[in-house]
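Structure first, then comments.
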Amino acid sequence: MALYTRVKESIAVITLKNPPVNALSTAVRRGIVESLSQALQDEQVKAVVFCGENNTFCGGADIKEFSGSMSGPPLVPMIHSIEASEKLIVAAIEGVALGGGLELALGCHYRVADTNARLGLPEVTLGLLPAAGGTQRLPRLIGITAALELITTGRHISAKEALKLGIVDQVIEGNAVLAAMALALSVIGQPLNARRLSLQAPAWVPDVDYVCEAALARVKQRSRGAMAPVACVQAVRAAAMLPYSKGMEKERQLMDMLFRSSQARAMQYAFFAQRSAGKWSLPNGAQWNNTKARNVERVGVIGLGTMGQGIAVSLVKAGISVVAIEVDTKQLELGKKAVTAMLQRYAQRQGVSSPLHLLKFTLSFHQLRDVDLVIEAVFEDMNLKKRVFSELCKVLKENTIICTNTSGLNVDELAAVTDRQHLVVGMHFFAPAHVMRLLEVVYGSGSSPEAVAIAMALGKRMQKVCVAVGNCSGFVGNRMLKHYMDQSVYLLEEGATPEQVDQALEEFGFAMGIFKVADLSGLDVGWRVRKASGLISPDIDPVKPSRWRFGRRYCPLPDMLCQQGRLGQKTGHGWYLYNSPGSKEAKCDPEILKFLEDYRLKYGIIPRRISSQEVIERCVFSLANEGLRILEEGITAGPEDIDIIYLFGYGWPRYRGGPMFYAAQVGLSVVLEKLEHYHHLQPDVPSLEPSQLLRKLVAEGSPPIQQWKSHIKNLHSQL
Ligand SMILES: CCCCCC/C=C/CC(=O)SCCNC(=O)CCNC(=O)[C@H](O)C(C)(C)COP(=O)(O)OP(=O)(O)OC[C@H]1O[C@@H](n2cnc3c(N)ncnc32)[C@H](O)[C@@H]1OP(=O)(O)O
């Protein structure tokens with residue numbers, strides 16, 4: 001709703017009330033229309049100030065209402081009547097003015113913002129565009145170049161930047177409502193037409209075509225396959241070319257198309273899935289709102305390789321003191337140099353003072369005696385990690401939490417060598433750890449709810465998107481990825497090339513195809529894991545290695561590449577060819593094509609043409625199938641957690657929601673039918689066998705994803 005108050009004789013305040021972010025729900029829009037009418041009818045009122053309850057202006061339209069039938073006063077005419085008002089209207093922006101919230105403010109005649117306020121038009125991140133006049137008013141206010149950047153990225157900006165761009169008229173420290181009233185009193189009586197953005201001429205510039213083409217190229221490259229950014233450019237272009245009413249018509253047409261799209265549904269699902277992942281729960285009933293996390297101020301980081309460096313940087317950026325440990329002086333110096341350089345660059349970019357004083361580099365475990373938590377980031381070797389854990393227990397305080405950054409080793413086995421199994425959890429960061437947002441927080445069978453709460457809270461402080469997951473080999477992300485990778489190499493055996501597979505995956509929307517990712521990470525990473533797991537043993541024929549291991553189909557191609565020293569980007573060749581070791585531009589390598597031909601000949605495989613559809617079905621459905629097994633086992637609390645892991649850790653296209661959402665959107669019965677088909681053709685690939693949960697959900701009528709939880713016996717509640 002909205003609250004109408006008369007505060008001074010001549011000023012009325014309309015306060016949006018809809019906690020927590022005063023979203024423009026039906027009730028709020030009704031309240032605004034009624035309150036505005038009251039203000040306009042009251043002869044004594046000369047000016048109106050719009051503000052939001054609890055120091056939050058407005059988080060935009062109520063996204064929850066998008067999935068139902070929208071009722072109540074529509075936003076466009078409502079904002080239009082605000083702008084057309086003969087009485088002066090000022091927006092007092094505190095907290096956030098986002099989406100429809102900022103569009104409402106753009107309809108006001110003046111805007112005052114608190115220094116800490118954040119503004120933006122993030123609709124593009126929900127698969128939409130700012131369709132309450134935002135695409136037409138903002139370019140008229142700040143020009144098309146700046147408007148294109150803000151609208152196509154959905155970036156939130158500070159009040160200071162908004163002032164610089166001309167979005168707000170004043171930035172104040174203190175009470176924005178009082179400042180808005182003061183501003184209103186100072187300008188009452190002045191003509192308002194110049195303040196009505198819809199009356200301004202189109203935001204035309206001589207090079208409008210060039211600017212829009214460049215923006216289009218940028219958004220197509222950045223968000224391959226996403227419709228909303230393209231529509232945003234088209235709408236802003238209309239603001240530059242057309243009178244306001246025609247531009248609004250274009251905005252409406254584009255929004256109608258987006259609003260009904262599956263991409264918008266996927267991105268709105270992703271918005272709520274991200275928030276649901278933060279509301280973690282464990283099988284024993286402990287959850288985010290019944291478990292307290294004690295504060296962490298000092299953290300030890302063990303190992304300063306690439307992962308340890310990134311973790312240390314993220315911690316320091318969050319204002320946390322770090323004691324970083326290495327085994328010898330050389331490694332310590334290398335790590336110190338890298339961490340210091342990253343933090344200095346960060347400080348320079350942000351214009352803040354360097355936080356290096358929070359860092360201590362040492363060779364001695366004794367320096368860890370005061371830390372509240374340690375994150376072990378040594379080489380991925382169980383015995384080494386066990387040794388580190390045992391040593392840690394000799395020096396740490398008795399309540400210090402011990403975390404491992406393993407990407408898939410058994411957390412329980414590690415915890416078993418400590419004197420505090422309840423305080424051991426996994427914190428699986430993704431490389432580079434100072435950039436990637438995902439953090440899997442892995443609880444073992446003995447991990448206490450408090451330890452999980454502490455790791456989740458620490459991750460959040462480090463600006464990570466944290467997902468609590470159970471302990472299983474590869475945890476969630478890597479466990480699922482294995483099946484996706486297996487299918488991709490089987491496709492090579494059968495006739496595809498790395499470029500074909502990557503192209504199909506990139507057209508699907510992945511940031512990078514699987515073979516490019518493998519080259520980037522280094523092919524030796526998986527090689528080492530396969531050796532440790534016994535898949536590669538000395539008795540395997542090096543010339544014609546077996547294509548079956550442990551009774552299952554196995555593709556030795558990646559091992560054969562490693563044997564040739566083709567380890568990916570770092571050696572200048574892997575699945576692709578690079579100009580030099582370390583360079584990034586992947587080129588098709590005729591040697592690989594020849595190598596694949598010889599391989600097929602050697603094994604008597606007759607190559608066949610493989611369609612992009614088959615690539616997607618085999619790679620993506622086997623991934624989703626494993627996700628369903630994970631759900632069945634209760635490793636995550638719901639399908640949303642899995643989708644968030646893929647969106648934030650594996651370059652899954654946001655406009656496809658995540659693998660679980662995608663499976664639901666394609667239709668679970670379709671996924672089941674395809675998996676049955678491919679499993680029939682590959683009976684020695686057990687992972688293609690449809691999971692029990694998939695069969696159960698299909699048998700129960702393929703319920704919407706939001707209802708899956710109630711169909712899974714094991715699942716813990718997040719309520
Ligand atoms: C043809 C049809 C025409 C239709 C016209 C449609 C017009 C659309 C224009 C729009 O305005 S679209 C919405 C644009 N706004 C946004 O995208 C903002 C989304 N929200 C955020 O970015 C953040 O929530 C925040 C506002 C920056 C606050 O962040 P914070 O970290 O403090 O809290 P959260 O955990 O994110 O949110 C708390 C709580 O609030 C819920 N929520 C937030 N925003 C909205 C919203 N716009 N609508 C509904 N609900 C919202 C969020 O889900 C959390 O709820 P929970 O129950 O605790 O999970």
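When a ligand or atom number is given, it counts from 1 through the structure's own listing order. Here, residue 1 is the first one in the sequence, and each next residue gets the next number. The analysis underlying the following values was restricted to heavy atoms, covering all of them including side chains, and did not include hydrogens, waters or symmetry mates.
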How are the rings of Tyr650 and Tyr646 set to each other: parallel, tilted or perpendicular (split at 30° and 60°)?
parallel
Mind checking side-chain hydrogen bond (donor to acceptor under 3.5 Å, both in side chains) for Arg155 and listing every partner two or more places apart, or none if nothing turns up?
Glu149, Glu161
May I ask you to say whether Glu297 pairs ionically with Arg461, meaning some side-chain N is under 4.0 Å from a carboxylate O?
yes
Using a strict cut-off of under 4.0 Å between a residue heavy atom and any atom of ligand 1, list the qualifying protein residues by chain and number.
Pro20, Val21, Ala23, Gly59, Gly60, Ala61, Asp62, Ile63, Lys64, Phe66, Met70, Leu98, Gly99, Gly100, Arg118, Pro122, Glu123, Leu126, Met255, Asp256, Phe271, Phe272, Arg275, Lys279
For Arg656, which residues count as a side-chain hydrogen bond (donor to acceptor under 3.5 Å, both in side chains) partner, sequence neighbours excluded?
none
With ring centroids as reference points, do Phe66 and Phe271 lie under 6.0 angstrom apart?
no
Set of residues satisfying side-chain hydrogen bond (donor to acceptor under 3.5 Å, both in side chains) with respect to Asp256, sequence neighbours excluded
Arg252
